Amino acid sequence: MAEKRYSRAASPKSGNGRTESRAKRAAGDRDSYTYVDGNTVRQLHVATQPMETEEPVTVSHATRKNRERELQMNVGYVFFLTAAAVMTVFVCVNFLQLRATNTLLQEKVASLSAELDSAVLENDSEYNRVMNSVDLTHVKEVATDELGMQLATADQVVTYEAETNDYVRQYSEIPEE
């Protein structure tokens, strides 16, 4: 196979830095083209141009003075930046203290809640123990036989409607109907 390679400058169909090669195939003598892009393209005739020298740009005195003034930091700007930095540090420290206080209070609430739960459980178990130890028939016998108490009769019982389901305090005598 005979293969011809053309550089960008010599190729009749060159474009966008592509190298074109033409090879004849043994079967049918057809033309086929291969395009190579990117950094693998061979450039046989690279023309280098000398770089143009840049002329120094002349700047007016007022422009130079304004640029120098912009680069300098004045006292007011330094004071503002210092105040902003102090304020930021103060806010951050205060925030961290509040977070620490909040964490401590949450831990204290959790421990007090656990303590309350254990106290309620202990109180309930003690109440059940006391209630189970009381023999009501024995109390009734002691009250009636030894202390001389009598059971209430039907005319001594007063029934009334309570507004709440809580307890009732009697501040005066209940009127008879």
Side-chain angles (χ1 to χ4, degrees), residues 16-18 35-41 43 48-49 51-177:
N16 297 333
R18 294 181 178 155
Y35 292 97
V36 180
D37 285 328
N39 61 352
T40 59
V41 174
Q43 296 180 356
T48 58
Q49 296 178 348
M51 294 183 61
E52 297 177 15
T53 59
E54 295 181 13
E55 296 178 15
V57 178
T58 58
V59 178
S60 69
H61 180 68
T63 305
R64 192 174 334 115
K65 195 172 185 181
N66 285 342
R67 287 181 183 169
E68 288 175 7
R69 191 176 339 135
E70 287 176 2
L71 293 176
Q72 294 176 355
M73 293 183 5
N74 59 11
V75 176
Y77 187 63
V78 170
F79 179 72
F80 169 74
L81 288 179
T82 305
V86 167
M87 216 46 181
T88 304
V89 168
F90 174 74
V91 168
C92 289
V93 168
N94 194 17
F95 175 74
L96 291 176
Q97 286 177 344
L98 289 175
R99 289 283 303 243
T101 304
N102 187 20
T103 303
L104 289 175
L105 289 176
Q106 284 179 346
E107 290 173 358
K108 189 172 183 178
V109 165
S111 68
L112 289 175
S113 177
E115 186 179 329
L116 176 67
D117 289 343
S118 67
V120 166
L121 184 64
E122 183 180 333
N123 191 26
D124 288 345
S125 66
E126 190 66 24
Y127 176 77
N128 288 335
R129 187 187 65 78
V130 168
M131 291 306 291
N132 289 335
S133 69
V134 174
D135 184 16
L136 294 179
T137 57
H138 177 69
V139 170
K140 182 179 176 183
E141 288 174 4
V142 169
T144 55
D145 294 342
E146 294 178 17
L147 300 175
M149 297 176 78
Q150 297 177 358
L151 291 175
T153 59
D155 60 340
Q156 292 175 329
V157 176
V158 178
T159 306
Y160 61 95
E161 296 274 334
E163 294 178 13
T164 62
N165 292 337
D166 217 1
Y167 60 94
V168 176
R169 289 188 181 171
Q170 181 177 347
Y171 294 107
S172 62
E173 291 294 323
I174 298 175
E176 294 197 26
E177 297 178 27

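Just the heavy atoms: all of them, side chains too, but no hydrogens, waters or symmetry mates, feed the values below. Bear in mind the structure is a predicted one, so any value in this text is a computation, not a measurement.
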Side-chain donor/acceptor of Ser113 to backbone N/O of Val109, under 3.5 Å: no
With Glu126 via salt bridge (charged side-chain N to carboxylate O under 4.0 Å, His left out) - residues at least two apart: Arg129
Salt bridge (charged side-chain N to carboxylate O under 4.0 Å, His left out) involving Arg67 - partner list, sequence neighbours excluded: none
Flag side-chain contact, heavy atom, 4.5 Å: Leu116 against Val120: yes
Asn128 side chain to Asp124 backbone, donor-acceptor under 3.5 Å: yes
Over all atoms of both residues, closest heavy-atom pair of Leu151 and Gln156: O-OE1, 4.4 Å
Separation of Asp135 CG from Lys140 NZ (nearest 0.5 Å): 12.0 Å
Verdict with supporting geometry, Asn94 and Gln97, side-chain contact (heavy atoms from CB on, under 4.5 Å): CA-CA 5 Å; Asn94 194 17; Gln97 286 177 344; 4.2 Å; yes
Pair Arg69-Asn66, side-chain donor/acceptor within less than 3.5 Å: yes
